[in-house]
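Remarks on the structure that follows.
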Amino acid sequence: MSGQKQWPTQYPARRAMVVGNWKMHGDVALTRAFAAEAARQPNTRDSAEVILAPPVPFLDITRNMLSGMWSLAAQDCHWAQSGAYTGEISAEMLAEFGCGYVIVGHSERRILMGETDEYVQGKIEAALAAGLTPIMCIGETLAQHQAQETFITLASQLYHGLPSSAVQREVVIAYEPVWAIGSGLTPTPEEVQDCHDHIRTFLCTHWNAQKGESARVLYGGSVKPDNVADFLTLADVDGVLVGGASLDPTAFADIVRSAFAL
Ligand code: 13P
């Protein structure tokens, strides 16, 4: 696969990114298994960046075990800096724990927890204020997909969810079709490229060409070792956001190797 990817060299920020979202899974033993795997993998961050997003109780132990080999993300944050929000965690707290990234607006939170674009916007603002890089998830439901409303849904989520402050900072966008998450179904590579092209065109218009072209746009939804290259080699796909396969150290290592081989 090496050599197939044509990276836009004028935008050096666009290098491969692999994010493992453990969701509400995992334990200390799994963290140890990942630390052992990370030690066996290439870790020159110039060519690819690997990020783990374990549940909050495992952030500290994951950071210590990874000892800088891979980066750390949280799966969510609150929009306020602090306050009477029982059970919530602020972006500043995550930054203090060593997180460099935070996933925001995952469809499971939008659908199951009723998160609106307005919440997502507040969380991105909070993340940026705390020095974290938000990974903003967007994606259409099956009904929207079948009604051919994918592009309008993506544009609406970006328009209403991106704060104006984002133009000066890095926000990673993750396109995750809701119907592809955990289903074993994926869009075709052509469909993924079309959606990523649409997202990048939106960003170039909404921000400016330089900013839009240098933004990293990830694909997520049933990414596995045997299909990851189909997505990573697409012109406007800069990495992958992996759910189920990120819970298997061997499968995740295969995906990481594909990213470093680009
Ligand atoms: P799966 O890889 O299990 O489909 O999950 C994708 C996802 O939701 C990552 O955030």
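Both counts, for ligands and for their atoms, begin at 1 and track the order of listing.
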Q: Tell me, with the steps shown, if Arg110 and Asp117 meet side chain to side chain contact (heavy atoms under 4.5 Å, CB included).
A: CA-CA 8 Å; Arg110 289 179 190 261; Asp117 290 328; 2.8 Å; yes

Q.
Would you say that more than 12 heavy atoms from the other residues, nucleotides or ligands in this model lie under 6.0 Å from the OH of Tyr119, or not?
A. no

(Q) Run the side chain to side chain contact (heavy atoms under 4.5 Å, CB included) test against Gln81 and tell me which residues pass, sequence neighbours left out. (A) Glu92

Q: State which residues pass side chain to side chain contact (heavy atoms under 4.5 Å, CB included) with Ser67; sequence neighbours excluded, sorted by chain then number.
A: Met69

Parallel, tilted or perpendicular, as decided by the 30° and 60° cut-offs, for the rings of [Y] and [X]:
X	Y	result
Phe34	Trp22	tilted
Phe151	His198	parallel
Trp70	Phe252	perpendicular

Run the numbers for me: atoms of ligand 1, each under 4.0 Å from some heavy atom of [X], listed by number.
X	value
Glu176	6 (C), 7 (C), 8 (O), 9 (C), 10 (O)
Gly244	1 (P), 2 (O), 3 (O)
Asn21	9 (C), 10 (O)
Ala180	4 (O)

State whether the shortest distance between N or O atoms of [X] and N or O atoms of ligand 1 falls below 3.5 angstrom.
X	result
Gly182	yes
Glu108	no
Ser222	yes

Ligand 1 contacted by [X] (non-hydrogen, < 4.0 Å):
X	result
Ala174	no
Lys224	no
Gly221	yes

(Q) Quick one: does any side-chain atom of Asn227 pair with a main-chain N or O of Lys224 as donor and acceptor, under 3.5 Å? (A) yes

Q | Protein residue, atom and distance nearest to atom 2 (O) of ligand 1, heavy-atom basis | A | Gly243 N, 2.9 Å

